[in-house]
**Student:** 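Dumping the structure here so I can ask a few things about it.
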Protein chains: 2
Amino acid sequence: MASDFRQSSTRVRCSECPLRVKSHFRAFSGEELDFVSNFKRGELNTDAGATVLVEGANSAHLYTVLEGWGFRYKILEDGRRQILNYVVPGDMVGLQGAVMAEMQHSVEALTPMVLCMFERSRLFSLFERHAGLAYDLTWLAAREESILDEHLLSIGRRTALERAAYLLAFLHERGRLAGLLDDDRRYVPVTQAHVADTLGLSVVHTNKTLKRLSDRGMIRWLDRGCDILDVRALCEVANWQPDETRQRPFI
Amino acid sequence: MASDFRQSSTRVRCSECPLRVKSHFRAFSGEELDFVSNFKRGELNTDAGATVLVEGANSAHLYTVLEGWGFRYKILEDGRRQILNYVVPGDMVGLQGAVMAEMQHSVEALTPMVLCMFERSRLFSLFERHAGLAYDLTWLAAREESILDEHLLSIGRRTALERAAYLLAFLHERGRLAGLLDDDRRYVPVTQAHVADTLGLSVVHTNKTLKRLSDRGMIRWLDRGCDILDVRALCEVANWQPDETRQRPFI
DNA sequence: CGACAGGTTGAGCGTCTTCAACGACCGTGG
DNA sequence: CCACGGTCGTTGAAGACGCTCAACCTGTCG
């Protein structure tokens, strides 16, 4: 089975949320924690490769990622696929579907994932009762927007090599901030097909471009993923710098 | 001078806001109107070509567009420019800068524009006092996100002709909903350089691509802009449909 | 009048695509 | 047990799509 719902007896309590302890995320007040605990209605557990949300669906839920890597994408009728962004622990998925009519994109798991499930119908009460959390939600949306802006710049105006370097540096940064990567764990779980569909290139040319980065010692391609060996060099090739935000909100 | 601030004696009152009467925008409650009237701190009036906001700035303001066309963009160090999206009446600009540290993109006017100015420092009180407006803000952010998703799909996976057709159909739709276009006014005020920088193409190739659309009778290129003659045909070429939302929020 | 922005067109070239074939690996089933 | 198909990665060859360079035209503005 591609996914299952954990019983509430086994699921993680918000007060013991493994993400909350990470210094990167902002702290909740007691009241906020109570509200969120109550807002949470379940936990979704998926295999790698599972589809979490599909375009066009009118899902009753939205989620925050607790564990694992995933990605958002759209496809054209003839099968051409574009990966829009990646999701890591702390990210919300399904907000678009919750606020607007229906999902305009799909979400798929790259690794096994754990997601915290909320009920869409109760979203408005979050706005009414906790301005701070509502503000955080807007913060998250604004950050997603600025990431998409950078991706657009990348696909539209960077060369294939620059694009690839940017993407890998970007994924490293996101993974690092989410606690998925550090000095010992530098493995990003994407296939070359994922990279190609993110960069707007063919798989063949992506392969040749990645090889150039490998030859320069910036990455090492493994099975279904790669180690990021030299982020700084990648940033230099891409002419990109991650912006350093101290703390981020998290719902 | 590129821009000036109107004195409060001459500026539009929120209760008489020219946008509010359009059926496309949702109605405010009396309380909300009072709050917004108070939230508004001035009006910005720009010439065509004026820079409204610049990347890296720490602007104290955010704006809603009242009149005119504009666009958001980013540039790389060597001058390569990518247009991210267009802004029309009803759109917010500067929210990113208000929520996060600083602006990650610039905004420029395509035509003379009128913008309604708000103070960034008072944004949080909007969240505290008017959940409905806060929700609207998130709605706007989510919609911007879904537009950027579609643009990414377009630049990444559509051919030059499809991309051009998509962009023009998209601009027509946005202009129409904002009341800038109708059956008699079908003129979109962008140069071919703007189109090129939106599509991620060179100006030369953009010119040749637009000519193909002209030859097929879908558009007619004029001076610094074009008439959209057959939106349906453009949508067909692009394999794209605008999603029909009845009403949208507006702050 | 000259300078400049915007648009148009042709020629040549390079990046990236498609097609094709092949090797490695893995799980499944005969 | 091995054969088989499927996914993933790799490489070469040919050709298309889009880029750069270059020239020229138009209209506008100081």
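Any value given below was found using the heavy atoms of this structure, including those in side chains, with hydrogens, waters and symmetry copies removed.
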**Student:** Taking OP1 and OP2 of D:dT10, is either one under 4.0 Å from a side-chain nitrogen or oxygen of A:N207?
**Tutor:** yes
**Student:** Rounded to the Å, how far apart are A:L110 CG and D:dC8 C1'?
**Tutor:** 15 Å
**Student:** Write down the distance between CG (A:L199) and P (C:dT17), rounded to a whole number of angstrom.
**Tutor:** 10 Å
**Student:** Check whether more than 12 heavy atoms from other residues, nucleotides or ligands sit under 6.0 Å from atom CZ of B:R185, and answer yes or no.
**Tutor:** yes
**Student:** In whole Å, what is the span from the CH2 atom of A:W221 to the C1' atom of D:dT11?
**Tutor:** 17 Å
**Student:** Can you check the B:L222 CG to D:dT26 P distance for me, whole Å?
**Tutor:** 18 Å
**Student:** Just by distance, no angles: are the side chains of A:Q96 and B:E145 close enough, under 3.5 Å, to form a donor-acceptor pair?
**Tutor:** yes
**Student:** Is the charged tip of A:R158 near the ring of A:Y166: under 6.0 Å from the six-membered ring centre and within 45° of its axis?
**Tutor:** yes
**Student:** Taking only N/O atoms, report every protein-nucleotides 15-19 of chain D pair under 3.5 Å with atom names and distance.
**Tutor:**
{"residue": "D:dG18", "atom": "OP1", "partner": "B:A160", "partner atom": "N", "Å": "3.3"}
{"residue": "D:dC19", "atom": "OP1", "partner": "B:S202", "partner atom": "N", "Å": "3.1"}
{"residue": "D:dC19", "atom": "OP2", "partner": "B:S202", "partner atom": "N", "Å": "3.1"}
{"residue": "D:dC19", "atom": "OP2", "partner": "B:S202", "partner atom": "OG", "Å": "2.9"}

**Student:** Would you call the rings of A:F170 and A:H151 parallel, tilted or perpendicular, where under 30° means parallel and over 60° means perpendicular?
**Tutor:** perpendicular
**Student:** Between B:N207 and B:Q192, is any side-chain donor less than 3.5 angstrom from a side-chain acceptor?
**Tutor:** yes
**Student:** Using whole Å, report how far CG of A:D223 lies from C1' of D:dC8.
**Tutor:** 8 Å
**Student:** Would you indicate, yes or no, if D:dT10 has its OP1 or OP2 atom less than 4.0 angstrom from a side-chain nitrogen or oxygen of A:Q192?
**Tutor:** yes
**Student:** Parallel, tilted or perpendicular, judged at 30° and 60°: which one describes the rings of A:F250 and A:F25?
**Tutor:** tilted
**Student:** So among B:V65, B:L115, B:L66, which one has a side-chain contact (heavy atoms from CB on, under 4.5 Å) with B:P89?
**Tutor:** B:V65
**Student:** Between P on C:dA5 and NE2 on B:H194, what's the gap in Å once rounded to a whole number?
**Tutor:** 13 Å
**Student:** Whole angstroms only, please: what is the CD1-P distance between A:I155 and C:dT15?
**Tutor:** 20 Å
**Student:** Taking N or O atoms only and anything under 3.5 Å, show me the protein contacts with nucleotides 23-25 of chain D, one pair per line.
**Tutor:**
none

**Student:** So, B:T191 and B:H194: side-chain donor and acceptor under 3.5 Å apart, yes or no?
**Tutor:** yes
**Student:** Do B:C235 and B:P242 touch side chain to side chain, with heavy atoms closer than 4.5 Å?
**Tutor:** yes
**Student:** What integer distance in Å separates B:R224:CZ from C:dA5:P?
**Tutor:** 10 Å
